[in-house]
Amino acid sequence: MVRAFIGGMMVAFVAPLIGTFLVIRRSSYMADTLAHVSLVGVSGALLMNFSPFLGALIATLLASLGIEKLRHYHGLFGESLLALFLSGSLAISAVLISLANGFNSDLFSFLFGSITTISREEVMIITGLAIIVTGCIIWNYHRFFLISFDEDLAHVEGIPVKRYNIILMSLAAIAVAISIQIVGALLIGALMVIPTLTAFLWRKSFRCTLIIALFVSLFSTATGLYGSYYLDIASGGAIVIIALGCFIASIMMKGNRN
Amino acid sequence: MSIDSKNICVSVKNLSFRYNKEWILKNISFDIRQGEYVGIIGPNGGGKTTLVKILLGLLHPTEGTIHDACENHHHLRHRIGYIPQLMADGIRNFPATVREVVSAHAMRSWTLSEKEKNAVTSALQQTGMTELQDRLIGELSGGQLQRVLIAHALVGNPKILILDEPTLAIDLSGKEEFYQFLEKINREQGITIIMVSHDIDTVAKQVKHVLCVNQNLVCHGPPKSTMTPTALENLYGKERSAVDHTAIHHH
């Protein structure tokens with residue numbers, strides 16, 4: 001439980017940091033797409049007997065680079081590309097799963113999250129990667145802010161927009177890969193998006209939005225993991241249900257105030 | 001600050017731009033002097049936005065060159081302040097305050113240095129946005145939001161301001177005030193202003209030099225002598241010129 005709690009808090013910290021930039025750039029679908037792509041890595045790794053976490057990391061990084069390349073160099077529509085990667089990766093996962101019977105229980109934990117499967121080494125890797133992602137976001141905060149505000153304006157002010165788009169998407173890929181065991185591939189998108197949307201309802205400034213999103217994410221993950229442990233339910237489901245509860249409560253409170 | 005006739009700020013020579021085998025701009029040459037107030041007009045699809053994107057360094061010309069007095073185009077870009085169009089949902093729904101948007105030009109890390117803070121405070125004062133600095137930009141009027149974008153640009157101490165259709169999201173009463181503000185920046189700080197506009201009446205009233213672009217540079221010079229009925233007819237076709245040139249000559 002302690003290992004899961006540490007890993008969960010790391011994931012809860014990173015998810016809304018990335019999620020805020022994805023949501024304001026209207027790329028919320030990106031998180032879901034990368035999460036589905038991660039299933040290819042997990043299925044492939046389970047089939048070939050190597051670390052599912054590593055498989056997910058490789059698959060999401062390659063997909064994020066592929067999506068950015070196709071978007072920029074071939075002028076394809078962003079949303080259609082995400083649909084292409086999402087459905088394509090689901091198809092590949094289905095084929096890989098059907099090729100190998102016997103890892104259904106493992107796969108369930110990667111789909112919906114499980115606190116029992118996380119090892120000490122994995123917690124260390126998750127912590128290390130979470131620190132790297134957080135450091136990159138803080139270091140490049142002004143660049144990501146300006147690119148999200150207006151890409152042309154950022155370019156005119158000397159920011160290499162393509163490079164930082166690739167960096168942001170790579171960070172999103174890492175965030176998805178480290179989240180998959182705690183929250184699950186099908187629910188990581190929700191943890192990136194729901195706390196941010198909740199924070200948007202209370203926004204007073206960009207930094208305030210980030211801080212509220214972090215608070216909602218940490219609260220949802222802590223209580224979700226606690227509930228998951230004592231009620232023996234899927235951790236990802238519990239975390240996302242609590243995040244959804246925060247969003248609905250915020251809507252109702254804002255509705256009453258307005 | 002007066003315009004120095006020798007002090008050429010931007011010099012465009014034989015500029016052409018081709019996209020998918022189609023020429024968008026052909027053989028365009030003009031000079032812009034430091035402190036000038038320039039309007040770019042022309043019909044939709046005539047290449048105004050392409051010309052601006054080339055000046056901004058967002059597109060590269062297929063042929064021709066852009067130079068300033070002593071530096072190449074790459075350096076020119078770093079002296080430009082750009083005011084993008086206010087898209088309906090994009091910038092308006094961005095969850096940031098006035099101060100955060102203005103600060104974004106100065107920031108080199110998570111926080112601002114004292115020097116950067118002073119530049120931001122000064123830009124807010126110059127644009128009259130100090131009292132609204134903690135407001136979300138989504139709560140501002142179109143004119144106020146344009147001032148925020150100008151304040152953002154001023155933090156970078158630009159020599160040239162390029163504005164793309166700046167009054168599209170401003171109501172009629174706010175337009176006059178906004179143009180007065182631009183004229184004040186141009187006059188008091190000597191910043192060169194290049195403004196793309198559909199509104200040829202306003203361009204005729206405000207700017208000191210007009211560039212009429214429709215694939216080629218149809219005409220250019222001071223509005224009164226340049227925007228003649230014949231020139232506007234060449235630029236827009238008969239129907240449009242008949243409506244607009246009367247307004248220009250009343251002015």
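All of these numbers come straight from a predicted model, not from anything done at the bench. All chains are named by letter (A, B, ...) in the order of the sequence lines, taking the proteins before the strands, and each is independently numbered beginning at 1.
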Original post:
Excluding sequence neighbours, so at least two apart, what forms ring pair (Phe, Tyr, Trp, His ring centres under 6.0 Å) with A/Phe85?
Top reply: none
**OP:** Report the C-alpha separation of B/Asn186 and B/Lys208 in whole Å, then their side-chain angles, then the decisive distance to 0.1 Å, and conclude whether the side-chain hydrogen bond (donor to acceptor under 3.5 Å, both in side chains) test is met.
**Re:** CA-CA 11 Å; B/Asn186 172 249; B/Lys208 299 182 182 89; 2.7 Å; yes
Subject >> For A/His36, ring pair (Phe, Tyr, Trp, His ring centres under 6.0 Å) partners two or more places apart >> reply: none
**OP:** Identify the heavy atoms of A/Phe219 and A/Cys246 that sit nearest to each other, and give their distance.
**Re:** CD2-SG, 3.9 Å
**OP:** Evaluate whether atom CZ of A/Phe215 has more than 12 neighbouring non-hydrogen atoms of other residues, nucleotides or ligands under 6.0 angstrom away.
**Re:** no
Subject >> Contact origin within A/Thr209 toward chain B - heavy atom pairs under 4.5 Å >> reply: side chain
May I have the list of side-chain donor-acceptor pairs in residues 15-25 of chain A shorter than 3.5 Å, sequence neighbours left out?
{"from": "A/Thr20", "atom 1": "OG1", "to": "A/Pro16", "atom 2": "O", "distance (Å)": "2.7"}
{"from": "A/Arg25", "atom 1": "NH1", "to": "A/Asn165", "atom 2": "OD1", "distance (Å)": "3.1"}
{"from": "A/Arg25", "atom 1": "NH2", "to": "A/Asn165", "atom 2": "OD1", "distance (Å)": "2.5"}

Subject >> Proximal component of A/Leu146, with respect to chain B [non-hydrogen, under 4.5 Å] >> reply: side chain
**OP:** Using heavy atoms and a sub-4.5 Å threshold, report which of residues 132-151 of chain B line up against chain A, by residue number.
**Re:** B/Asp134, B/Leu136, B/Ile137, B/Leu149
Original post:
Based on non-hydrogen pairs under 4.5 Å, which of B/Val101, B/Val98, B/Ile83 is most in contact with chain A?
Top reply: B/Val101
**OP:** Under 4.5 Å heavy-atom distance to chain A, tell me which part of B/Pro95 shows up: side chain, backbone, both or neither.
**Re:** both
Subject >> Among B/Leu15, B/Thr62, B/Val12, side chain to side chain contact (heavy atoms under 4.5 Å, CB included) partner for B/Leu25 >> reply: B/Leu15
**OP:** Describe, in one word, how the ring planes of A/Phe145 and A/Phe206 are oriented to each other, choosing from parallel (under 30°), tilted (30 to 60°) and perpendicular (over 60°).
**Re:** perpendicular
